[in-house]
Amino acid sequence: MPGLHPGTEGSAGDTSRTIEVDGETFALRANGFGGTDYTWLSGPDPGYGFGVSPTADLSPDEHARNIRGFLGMVDPGTGHIADD
């Protein structure tokens, strides 16, 4: 699929694939809740990311939309989403 390629071992546990969005790389892994865990591989904090449920049969564009939403909430100074 365009934008998706097989993950490599050791990049984020049970990574099934990675995706690059706007110059940032994320590992996508199915979680036990019918959703997807997204790990920000190119971010400032190893292992930082987010999860979305449900995500059955999302297209690469839909995954990219989820990632862009996350990146839009990240404070560029800290590399994290601000606490409420």
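- Scanning both residues, T78 and P44, for their nearest heavy atoms gives O-CG, 4.5 Å.
- T36 places no side-chain N or O within donor-acceptor distance of the main-chain N or O of T55, the cut-off being under 3.5 Å.
- Although no hydrogens or angles enter the test, the distance criterion places no donor-acceptor pair under 3.5 Å between the side chain of T39 and the main chain of G49.
- Between H63 and L28 there is a side-chain heavy-atom pair separated by less than 4.5 Å.
- Ring pair F50/F26 is perpendicular by interplanar angle, where above 60° counts as perpendicular and below 30° as parallel.
- The shortest side-chain heavy-atom distance between F70 and V52 does not fall under the 4.5 Å cut-off.
- For the atom pair L71 CG and E24 CD, the distance stands at 6.0 Å (nearest 0.5 Å).
- Across every non-hydrogen atom of S53 and G34, the tightest pair is OG-C, 4.3 Å.
- Rounded to the nearest 0.5 Å, atoms CD (E62) and CG (D57) are 9.5 Å apart.
- Minimum interatomic distance between L58 and Y38 (heavy atoms only, all atoms of both residues): CD1-OH, 4.1 Å.
- Considering all non-hydrogen atoms of both residues, G23 and S42 come closest at O-OG, 4.4 Å.
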